[in-house]
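Heavy atoms only: backbone and side chains are in, while hydrogens, waters and symmetry mates are out.
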Amino acid sequence: MRQVVLDTETTGLEVEQHHRVIEIGCVELFNRRLTGRTYHQYLNPERDIDEGAQQVHGLTRARLAKEPTFVQVHPEFVEFIRDAELIIHNAPFDVAFLNAELARAALAHKVDGLCRVLDTLALARQMHPGQRNSLDALCKRYAVDNSHRDYHGALLDARILAEVYLAMTGGQALLTLSAESDTARGRARHDAPPRYAEGARIIVIRPNENEIAAHEHVLALLDKASGGKTVWRRLELPAAGDSSNRAAIVELSGDRRIERRSSN
């Protein structure tokens, strides 16, 4: 699955007041791994930048005067995001600004027509109701390093959001892993000897009802965020309330797996 983590910087907060996009940063994920492909572009807004916005991202009109306009670079941007799932923190803000830029370029495209959009702010509010869910707050919650973030920058923030998103949705299957390294890893697993001795006894600790309920709650949030496309919902699982036989002893003999439940 191809995903693009996206962030923008703008001249101000209100798209209705004709504020413009001045920086776009995108990071590509494929099957939850960073591919190393990015899209990064500064843009000439052809208008002044609000002082408050300038204090956030540090970009000035003079600094951007020689950059291209969105009209000049939009084909490359559209091609980069097309058919991906966009991951954006506070997606309505960025999508509204990008749609306005596309409209100024006299294009029929809209971002949400080119891509699916996942709003990580909405997801975080579902997972952590009543808590602060800004990108900085999520970095702290998920132990993502953002100490180098003196100013907001679109590409930097997209990289940070990629780490946060992966941590929020099941951990980081991160960093570039080439096809060659995948093949080598698969060969090593195939050639490796079994990791158990003949007749080994493995204790399996089963979750209690509260642990199962908490796990099911997180799975439901992820299922909702994916539009009901999670694989585990198609698997046959035991009833959530079944907390009997919390421990089991598994005996491994050759290719056989025998499970004997304890009475504890």
Side-chain angles (χ1 to χ4, degrees), residues 2-30 33-121 135-136 146 148-165 176:
R2 183 172 180 265
Q3 297 169 299
V4 172
V5 186
L6 179 147
D7 188 57
T8 64
E9 300 299 338
T10 63
T11 60
L13 295 176
E14 299 85 9
V15 69
E16 298 82 5
Q17 295 182 12
H18 306 292
H19 280 292
R20 305 290 302 273
V21 176
I22 57 176
E23 186 186 5
I24 303 172
C26 299
V27 175
E28 183 184 62
L29 298 172
F30 189 77
R33 296 175 181 174
L34 288 171
T35 66
R37 291 188 66 216
T38 63
Y39 175 86
H40 185 221
Q41 182 65 63
Y42 291 108
L43 299 168
N44 182 352
E46 303 178 296
R47 62 154 292 159
D48 289 336
I49 300 173
D50 280 2
E51 184 178 347
Q54 192 171 310
Q55 290 175 355
V56 170
H57 49 59
L59 297 173
T60 65
R61 184 172 183 178
R63 157 69 179 80
L64 299 170
K66 294 184 179 180
E67 298 294 342
T69 64
F70 183 84
V71 172
Q72 293 172 310
V73 301
H74 78 266
E76 183 183 354
F77 168 67
V78 168
E79 186 60 29
F80 192 87
I81 68 169
R82 188 189 297 275
D83 297 328
E85 179 180 56
L86 286 186
I87 300 169
I88 309 174
H89 202 66
N90 192 18
F93 177 88
D94 299 83
V95 169
F97 270 92
L98 290 170
N99 282 342
E101 295 292 349
L102 290 167
R104 288 189 190 96
L107 298 173
H109 304 302
K110 286 194 173 182
V111 168
D112 33 0
L114 293 166
C115 315
R116 302 175 304 281
V117 178
L118 172 64
D119 184 359
T120 52
L121 178 57
L135 186 55
D136 284 338
N146 67 340
H148 48 304
R149 192 180 183 230
D150 296 326
Y151 282 108
H152 288 234
L155 185 59
L156 172 62
D157 285 1
R159 292 185 189 279
I160 292 172
L161 180 57
E163 293 189 53
V164 167
Y165 165 74
T176 11

>> Applying salt bridge (charged side-chain N to carboxylate O under 4.0 Å, His left out), can you list everything that pairs with Asp112, at least two apart in sequence or on another chain?
In response: none
> Is there side-chain contact between His74 and Glu101, with at least one heavy-atom pair below 4.5 Å?
Replying inline: no
> Is any side-chain heavy atom of Thr69 closer than 4.5 Å to a side-chain heavy atom of Glu46?
Replying inline: yes
> When you measure from the side chain of Asn44 to the backbone N and O of Ala65, does any donor-acceptor pair fall under 3.5 Å?
Replying inline: yes
>> For a quick test of reading the model, state the closest non-hydrogen atom pair linking Cys115 to Ala84 and the distance between them.
In response: CB-O, 3.1 Å
> Would you say Arg47's side chain and Thr11's backbone share a donor-acceptor pair under 3.5 angstrom?
Replying inline: no
> Side chains of Thr8 and Leu98: closer than 4.5 Å at any heavy-atom pair?
Replying inline: yes
> Taking it one step at a time, do Leu161 and Thr120 satisfy side-chain contact (heavy atoms from CB on, under 4.5 Å)?
Replying inline: CA-CA 9 Å; Leu161 180 57; Thr120 52; 3.5 Å; yes
>> Out of the candidates Asp48, Asp50, Thr10, only one should pair with His19 under the side chain to side chain donor-acceptor pair (under 3.5 Å) rule; please name it.
In response: Asp50
> CD1 of Ile160 to NE2 of His152: how many Å apart, nearest 0.5 Å?
Replying inline: 9.0 Å
>> Applying side-chain contact (heavy atoms from CB on, under 4.5 Å) to Glu67 and Glu23, what does each step give before you reach the verdict?
In response: CA-CA 10 Å; Glu67 298 294 342; Glu23 186 186 5; over 6 Å; no
>> For His40, I'd like to know if atom NE2 has over 12 heavy atoms of other residues, nucleotides or ligands within 6.0 Å.
In response: yes
> What residues, two or more places apart in sequence or in another chain, satisfy salt bridge (charged side-chain N to carboxylate O under 4.0 Å, His left out) together with Arg116?
Replying inline: none
> What's the shortest heavy-atom distance between Arg20 and Phe97, and which atoms?
Replying inline: N-CE2, 4.1 Å
> Heavy-atom distance under 4.5 Å between the side chains of Phe70 and Leu102, does that happen here?
Replying inline: yes
>> Quick one, Leu155 and Thr38 - any side-chain contact, counting heavy atoms below 4.5 Å?
In response: yes
>> Nearest 0.5 Å, please: how far is CG in Asn90 from CG in Asp94?
In response: 7.0 Å
>> Show the nearest heavy-atom pair for residues Leu59 and Gln54, with the distance to one decimal.
In response: O-CG, 3.3 Å
>> If we ignore hydrogens and angles and just use 3.5 Å, is the side chain of Asp119 paired with the main-chain N or O of Ala91 as donor and acceptor?
In response: yes
> Within 45° of the six-membered ring axis of Phe80 and under 6.0 Å from that ring's centre, is NZ or CZ of Arg2 located there?
Replying inline: yes
> Hey, does Ile24 have a side-chain heavy atom less than 4.5 Å from the side chain of Val73?
Replying inline: no
>> Once rounded to the nearest 0.5 Å, what's the spacing between atom CZ of Phe93 and atom CG of Asp7?
In response: 9.0 Å
> What's the spacing between Glu28 CD and Tyr39 OH if we round to 0.5 Å?
Replying inline: 14.5 Å
> Side-chain contact, heavy-atom cut-off 4.5 Å: Gln41 with Gln72?
Replying inline: no
>> Can you confirm whether Asp157 sits close enough to His89 that some side-chain heavy atom of one is under 4.5 Å from a side-chain heavy atom of the other?
In response: no
> Hey, what do you get for SG (Cys26) to CD1 (Ile88), rounding to the nearest 0.5 Å?
Replying inline: 8.5 Å
> Which heavy atom in Gly25 sits nearest to a heavy atom in Ala158, and how many Å separate them?
Replying inline: O-CB, 3.7 Å
> Nearest 0.5 Å, what's the CG-CG distance between Leu135 and Asn146?
Replying inline: 7.0 Å
